[in-house]
Amino acid sequence: MINVALPKGRLGEKVYDMFARAGFECPSILENNRKLIFEGDKVCCFWVKPSDVAIYVERGAADVGVVGKDIILEYQPDVYEMLDLKLGACRMCVATKKDFHDDPEKTLRVATKFSRIARRYYAEKCRDIDIIHLNGSIELAPILGLSDVIVDIVETGKTLLENNLEPIETIVPISARLIANKAAYKFKTGEIGTLIRELNRQVNGND
Ligand code: PRP
């Protein structure tokens, strides 16, 4: 039995479809109720807040899980990153107001949920920054003068557009990744290996 942490929401539903097609079904998950744990023959799946998936896997409460590359880069959990599922594609960007003019002599005020990613990105550019850590609605920060730029996820670009902001730099492309707990991978190599092989076949069409 493999314990699987699935990200709650639309991405998680797509991921579950992939698991089912891979032969790791858990039919009770399709029932419309508020349960969080579902048992199948080969897997036990549970819905987890997307940003918490890596914690469950790192600490062994789940053997495998699916998480955005953004979370992996931000929290750097001690897990194995096994496979790019090529779902939930988006990008981590720097965005700002359309009329913003950057003065490289000045400290850049950066609002973000992804402080580590932003810090690393500007450290590589040797740019002096001031991080303003927010938990959501990041787009408000430059509009209200709280920051000069934001570092955030852009999927369709609609949120930026509707708030008169524009992406100016792409930091990294993001997509959903299958991650595995290090000890579980050792003790359940056969089962987890089969799962990875079957998912890989769906994503890349080969082994
Ligand atoms: C994310 C991100 C942007 C939005 C981008 O927010 O932070 O706000 O999606 O999507 P778009 O390019 O398709 O418009 P999320 O919905 O995760 O909520 P948040 O504001 O709490 O970060």
Side-chain angles (χ1 to χ4, degrees), residues 2-12 14-15 18-19 45-95 107-139 141 147 149-155 167-189 191-193 195-196 199-200 203-204:
I2 308 178
N3 291 320
V4 185
L6 292 172
K8 210 171 175 177
R10 209 155 39 93
L11 173 66
K14 285 189 190 160
V15 170
M18 290 183 75
F19 274 62
C45 295
F46 32 94
W47 293 125
V48 169
K49 191 174 166 164
S51 52
D52 289 341
V53 167
I55 297 171
Y56 281 77
V57 175
E58 183 175 40
R59 292 182 172 259
D63 300 320
V64 299
V66 172
V67 66
K69 181 72 180 175
D70 51 325
I71 302 290
I72 298 178
L73 292 171
E74 181 64 21
Y75 298 103
Q76 302 185 324
D78 189 17
V79 296
Y80 291 133
E81 185 181 329
M82 309 300 303
L83 183 65
D84 182 352
L85 297 175
K86 299 188 181 164
L87 288 175
C90 52
R91 55 201 172 110
M92 185 68 65
C93 284
V94 180
T107 299
L108 189 69
R109 296 171 306 153
V110 183
T112 188
K113 253 194 308 202
F114 302 96
S115 300
R116 244 196 197 167
I117 294 175
R119 246 188 219 109
R120 260 200 317 263
Y121 179 67
Y122 285 105
E124 275 168 21
K125 293 168 131 295
C126 299
R127 181 71 199 263
D128 190 27
I129 59 162
D130 178 15
I131 292 274
I132 299 155
H133 189 92
L134 298 176
N135 296 302
S137 300
I138 317 294
E139 292 83 359
S147 75
V149 300
I150 63 173
V151 165
D152 200 11
I153 285 170
V154 178
E155 191 181 353
I168 53 171
E169 290 151 42
T170 294
I171 299 179
V172 66
I174 304 289
S175 56
R177 308 295 160 102
L178 181 78
I179 56 173
N181 172 272
K182 289 187 168 175
Y185 187 62
K186 212 182 266 171
F187 295 115
K188 299 186 183 178
T189 315
E191 294 142 283
I192 296 177
L195 171 68
I196 292 168
L199 292 175
N200 187 39
V203 177
N204 299 312

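Numbering of residues begins at 1 and proceeds along the displayed sequence.
- In this structure, Ile131 CD1 and Arg119 CZ are separated by 5.0 Å, a value rounded to the nearest 0.5 Å.
- In this structure, CD1 on Ile117 lies 5.0 Å from CG on Leu73, to the nearest 0.5 angstrom.
- Looking at Ser175 and Asp84, their side chains do bring a donor and an acceptor atom within 3.5 Å of each other.
- By the side-chain hydrogen bond (donor to acceptor under 3.5 Å, both in side chains) test, Thr170 is found to be paired with Arg91, residues two or more places apart in sequence or in another chain being considered.
- Below 30°, between 30° and 60°, or above 60°: for Tyr56 and Phe46 the angle between ring planes is between 30° and 60°, a tilted geometry.
- Contact between Lys186 and Thr189 at its shortest, heavy atoms only, is O-OG1, 2.8 Å.
- In summary, of the residues considered (Ile171, Val154, Asp152), a side-chain contact (heavy atoms from CB on, under 4.5 Å) with Met92 occurs for Ile171 alone.
- For Glu58 (side chain) and Asp78 (main-chain N/O), a donor-acceptor pair under 3.5 Å exists by modelled atom type.
- Of all heavy-atom pairs between Val151 and Phe114, the closest is O-CD1, 4.3 Å.
- In this structure, the side chains of Met18 and Val203 come closer than 4.5 Å at one or more pairs of heavy atoms.
- For the side-chain contact (heavy atoms from CB on, under 4.5 Å) with Ile179, the qualifying choice from Asp63, Val64, Val67 is Val67, the only one to do so.
- The shortest heavy-atom contact between Glu74 and Ser115 is OE2-N, 3.1 Å.
- In this structure, NZ on Lys49 lies 10.0 Å from NZ on Lys8, to the nearest 0.5 angstrom.
- Of all heavy-atom pairs between Thr112 and Ala118, the closest is CG2-CB, 4.1 Å.
- Heavy atoms from other residues, nucleotides or ligands lying under 6.0 Å from CZ of Arg120 number more than 12.
- The side-chain heavy atoms of Ile196 and Tyr185, taken from C-beta on, include a pair separated by under 4.5 Å.
- The nearest pair of heavy atoms linking Val79 to Ala54 is CG1-O, 4.5 Å.
- Counting only heavy atoms from C-beta outward, the side chains of Ile71 and Val53 never approach each other to under 4.5 Å.
- When all heavy atoms of Leu134 and Ala141 are compared, the closest pair comes out as CD1-CB, 4.0 Å.
- Distance alone, capped at 3.5 Å, is enough to place a donor-acceptor pair between the Asn181 side chain and the Val57 backbone.
- Glu139 places a side-chain heavy atom less than 4.5 Å from the side chain of Ile150.
- Of the listed residues (Leu6, Leu199, Leu178), just one forms a side-chain contact (heavy atoms from CB on, under 4.5 Å) with Val15, and that residue is Leu6.
- Side chains of Tyr121 and Glu169: a donor-acceptor N/O pair is present below 3.5 angstrom, by distance only.
- A distance of 5.0 Å separates CG in Leu195 from CD1 in Ile2, rounded to the nearest 0.5 Å.
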Test side-chain contact (heavy atoms from CB on, under 4.5 Å) on Leu85 and Val66 and set out the steps.
-> CA-CA 9 Å; Leu85 297 175; Val66 172; 3.7 Å; yes

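- With contacts defined as side-chain heavy-atom distances shorter than 4.5 Å, the pair Tyr122/Asp128 does not qualify.
- The pair Glu81-Lys69 meets the salt-bridge criterion, with a side-chain N (NZ, NE, NH1 or NH2) lying under 4.0 Å from an Asp/Glu carboxylate O.
- Within 6.0 Å of the NZ atom in Lys182, the count of heavy atoms belonging to other residues, nucleotides or ligands exceeds 12.
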